[in-house]
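Please read the structure below before turning to the comments.
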Number of protein chains: 2
Amino acid sequence: MDTSDKRSVRVRNLSALLTAVHRTGGASRAALTLATTLNRSTVGALVGELAELGLVVETQPAESGGVGRPSPVVVPADGLVVAALVPEADAVTVALVGLGGRILARRRIARDAPPRAEELPALAAATLDDLRREAGGPRILTLGVAVPGLVRASDGLVRLAPHLGWRDAPLGSMLEKACDVPVLLANDATLGAIAESVFGAARGHADAVYLNGGSSGIGGGILAGGVPLTGSAGYAGEFGHTHVADDDKRDAAGVPGTLESEVTRESLLRVLGLGAVDADALEAALVASADPVVLAEVDRQLDYVATTVGTVVNILNPQVLVLGGFLAALDAARPGRLTGLLRDRAMAVPLEALEVRRAELGSDLLVIGAAELALGPILAEPNAVAGRDALRAGRLRR
Amino acid sequence: MDTSDKRSVRVRNLSALLTAVHRTGGASRAALTLATTLNRSTVGALVGELAELGLVVETQPAESGGVGRPSPVVVPADGLVVAALVPEADAVTVALVGLGGRILARRRIARDAPPRAEELPALAAATLDDLRREAGGPRILTLGVAVPGLVRASDGLVRLAPHLGWRDAPLGSMLEKACDVPVLLANDATLGAIAESVFGAARGHADAVYLNGGSSGIGGGILAGGVPLTGSAGYAGEFGHTHVADDDKRDAAGVPGTLESEVTRESLLRVLGLGAVDADALEAALVASADPVVLAEVDRQLDYVATTVGTVVNILNPQVLVLGGFLAALDAARPGRLTGLLRDRAMAVPLEALEVRRAELGSDLLVIGAAELALGPILAEPNAVAGRDALRAGRLRR
DNA sequence: CTGATATGTTGCAGACGCAAACAATCCCTC
DNA sequence: GAGGGATTGTTTGCGTCTGCAACATATCAG
């Protein structure tokens, strides 16, 4: 039951206000008053409390824009930040991110082999110390981790991360011990969806689906009613394993005829005759190519993508579909083809309002996503920043 | 921004309390205090207000169960009800439902041809008058309609109801004029999902998927985080049109190789050699049959069902999958087969905790679902019962 | 009949947001 | 450049709501 005593009112209003500051990156008190529909005096008091907590600072009014008394601008403070950790098969990225989504410091540590879960805590702790010094010694409130695999929402256990070779890795508790901050973990594609919805292509849309193609496979995330859809245990969004063809090709999870077994980055690189290149180079090559073999492969893959997207449209009726990674490149190589195919794969009515867009956040995506995860408890309860134990409670849940 | 002035606290607490009374069907004040985590005195005041509004009545304490002062039992009042309207291809059902989900009066009007949208308002108004007399003249607060088709959430326009032959029917506004109550409309399978989640097989689970097989096709509904997932325009849950096979059989929506084109009630009736029978008879015949042709057809259909369910598990990670209509019969005819097939169609990890159940509400399903829709605004804002215009606002949205 | 237990009831205090009155600051116009 | 209008911050008082604590009430166990 969603009851509320009187104290929760303050918490909710602080949360709404801080969220507004975070999402806009800073706004005048007058604008915040408008955005929250609260009273001037109330906003004044709330901003005062947030400032006292060290979460925001009030700066001089911007250059005068109109008539009337200038309104001080409320911007995120620098002294409190969250950390982001993104372990991938070929690199580990660590970053410090402030409110407003500003990346204050980041370091990408290239790796020959996938990082083992056991070595991450020490690596993360040392790197965070460095970054903290670089950034002028802010206090790190929480640490968010974008895991390329299945993360159990209840306790943050990494059940399976095929491309890292992890199984049932208690990364969260190990990191908490090593870094001495509350740690939150979630699936990387789910966090990508959140990042794109807060700062990227799905900004302002309550119902969006993010579909990402990476070297490790295809994943995604769902926003339903403005809230990330996690599923009962946190495993939602595995679009790569939807059925698209009646064949026996099996994907990494052993499921036959799935999107991920038919649509791969490797096939594209092969027909292009390319080796290991980054996302931009792959897209440039795809767009430039007139080779019929390449076109055929692009069209073949787009056909399967359309099948999955059709299913997504029928089931979830999103307003925005955001394509990331090489899926965006596929769409760019054959403009309009995907949306054309969809007319035969999805019901006409839910297709009417669908917008297909490409991801906007590029290489910042997962850092922003992990930071967004880490910011969750702070935005939800700005009051509780003092006692960090209070932040340890919920992981990605609603 | 989800801010809240002080008055909304009262509203939220009243809502939580009334929702608890509704879902339990009646509870002692002590139990409500426990359920809401509110204070004894607060619950007392809130119950008093709900009683004054005519929504609940306090009855004598139940036969003494333990030590201590007996706690009066709070039960839904009879004087305020909602109406449910369920138009189907072969019948129109009208009912009055009280808080607590009790059906006070119902009438099923059999039809030879599907009802036209234009004739429904008069029919509904007349039948409601009759039922109201039968039930002792309660006040009807709202009317909920379970539409077998796509309903635009923003204004309740029926975009498409193939089995009724409707397209862009403004049923909501017509009904409001004829019946003089706020009208809320939603897709029937979505409402079935809600009904099963409140009073049926998915009770107590926040993440559930309902999959229904009817004579008109396959539909469903999603509960994510305890909230019905509507999608951006209200069209979510069309599982019948997910891709399951690489063939050209097209379903009613013109999409080829979908669940609905492969899995049909008619095929089952055909192999069984049956004519028009009800759900129970179909299931009995399926379970009893040892005909290899029947078994083969059942297995063929279950195979396709497994493909869609696998996709659902991968994408949504529900904890409970509720099967309704002839899909429940298919599962009953071959116990364990569906769950066995799933091991090859879904990822192992999200499959771990999945429970497959059958729907429990039977023929009451859509009446309860429509009533639940109609009760939504009342449960959300018990305060506003007096001014019925306040109820007219939101349709199915969260 | 008495004590223990559980719960309703009452009065009071704390917290909170809102409204209104007042002050500050900027733009615009004459 | 002085005054008016407009917008917004600030302060104060008030109403509402919930929690708490003390007291009252009703049942059970013996």
Side-chain angles (χ1 to χ4, degrees), chain A residues 1-18 20-21 26-53 56-75 381-384, chain B residues 1-18 20 27-53 56-74 381-383:
Chain A
M1 296 302 120
D2 186 23
T3 57
S4 61
D5 55 41
K6 62 197 166 193
R7 232 152 287 167
S8 69
V9 174
R10 191 55 179 265
V11 173
R12 199 176 9 256
N13 286 343
L14 283 171
S15 170
L17 201 56
L18 189 59
V21 171
S28 72
R29 255 161 74 172
L32 292 172
T33 302
L34 207 64
T36 56
T37 71
L38 291 167
N39 189 280
R40 282 214 296 271
S41 40
T42 307
V43 171
L46 293 171
V47 169
E49 184 166 350
L50 289 179
E52 222 167 275
L53 288 164
V56 303
V57 288
E58 292 195 89
T59 66
Q60 285 314 304
E63 74 296 334
S64 51
V67 300
R69 177 174 176 174
S71 191
V73 177
V74 183
V75 297
E381 222 168 323
N383 256 350
Chain B
M1 296 300 121
D2 186 23
T3 58
S4 59
D5 55 41
K6 63 197 167 194
R7 231 152 287 165
S8 70
V9 174
R10 193 57 181 268
V11 173
R12 199 176 10 255
N13 286 343
L14 283 172
S15 170
L17 201 56
L18 189 59
S28 72
R29 255 160 75 170
L32 292 172
T33 302
L34 207 64
T36 55
T37 72
L38 291 167
N39 190 279
R40 283 212 295 271
S41 44
T42 307
V43 171
L46 293 171
V47 169
E49 184 166 349
L50 289 179
E52 223 167 274
L53 288 165
V56 303
V57 287
E58 292 195 88
T59 65
Q60 285 313 305
E63 73 295 336
S64 50
V67 299
R69 177 175 177 174
S71 191
V73 177
V74 182
E381 220 169 324
N383 257 350

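Note that the structure is predicted; figures quoted are calculated from it, not measured. Convention: sequence-line order gives letters A, B, ...; per-chain numbering from 1.
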Can you tell me how far [atom2] of [N] sits from [atom1] of [X], to the nearest Å?
{"X": "E49(A)", "N": "dA15(C)", "atom1": "CD", "atom2": "P", "result": "12 Å"}
{"X": "L38(B)", "N": "dG8(C)", "atom1": "CG", "atom2": "C1'", "result": "16 Å"}
{"X": "R12(B)", "N": "dT16(D)", "atom1": "CZ", "atom2": "C1'", "result": "15 Å"}
{"X": "Q60(B)", "N": "dT27(D)", "atom1": "CD", "atom2": "C1'", "result": "14 Å"}
{"X": "N39(A)", "N": "dT8(D)", "atom1": "CG", "atom2": "P", "result": "13 Å"}

Taking all non-hydrogen atoms of both residues into account, name the closest pair between [X] and [Y] and its distance.
{"X": "P382(B)", "Y": "L50(B)", "answer": "CB-CD2, 3.8 Å"}
{"X": "L46(B)", "Y": "L38(B)", "answer": "CD1-CD1, 3.7 Å"}
{"X": "A30(A)", "Y": "S71(A)", "answer": "N-OG, 3.0 Å"}
{"X": "V11(A)", "Y": "E381(A)", "answer": "CG1-CG, 3.6 Å"}

Tell me what S41(B) touches on the nucleic acid: a base, only sugar-phosphate, or nothing, going by heavy atoms under 4.0 Å.
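The answer is base, as S41(B) lies within the cut-off (heavy atoms under 4.0 Å) of a base atom.
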From dT7(C), dT27(D), dT7(D), nucleotide with atom closest to R69(B) side chain:
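Within the option list, the nearest is dT7(C).
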Please pick, from dC17(D), dG17(C), dT7(C), the nucleotide with the shortest atom-to-atom distance to any side-chain atom of V9(A).
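Nearest to the side-chain atoms of V9(A), counting from C-beta on, is dG17(C).
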Report yes if a side-chain nitrogen or oxygen of [X] is closer than 4.0 Å to either non-bridging phosphate oxygen (OP1 or OP2) of [N]; otherwise report no.
{"X": "N13(B)", "N": "dC17(D)", "result": "no"}
{"X": "S71(B)", "N": "dG8(C)", "result": "yes"}
{"X": "R10(A)", "N": "dA15(C)", "result": "no"}
{"X": "R29(A)", "N": "dT10(D)", "result": "yes"}

Is any side-chain N or O of R40(A) under 3.5 Å from a base N or O of dG9(D), one able to act as donor and the other as acceptor?
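Side chain to base: pair found, below 3.5 Å.
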Between T33(A) (side chain) and R29(A) (backbone), is there a donor-acceptor pair under 3.5 Å?
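Yes: the side chain of T33(A) pairs with the backbone of R29(A).
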Closest-nucleotide mapping onto DNA chain D: is T42(B) or P72(A) further toward the 5' terminus? I mean the 5' end.
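On the 5' side of the pair lies P72(A).
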Go nucleotide by nucleotide along DNA chain C from the 5' end; which of V67(A) and L46(A) gets its closest nucleotide reached first?
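Upstream on the strand: L46(A).
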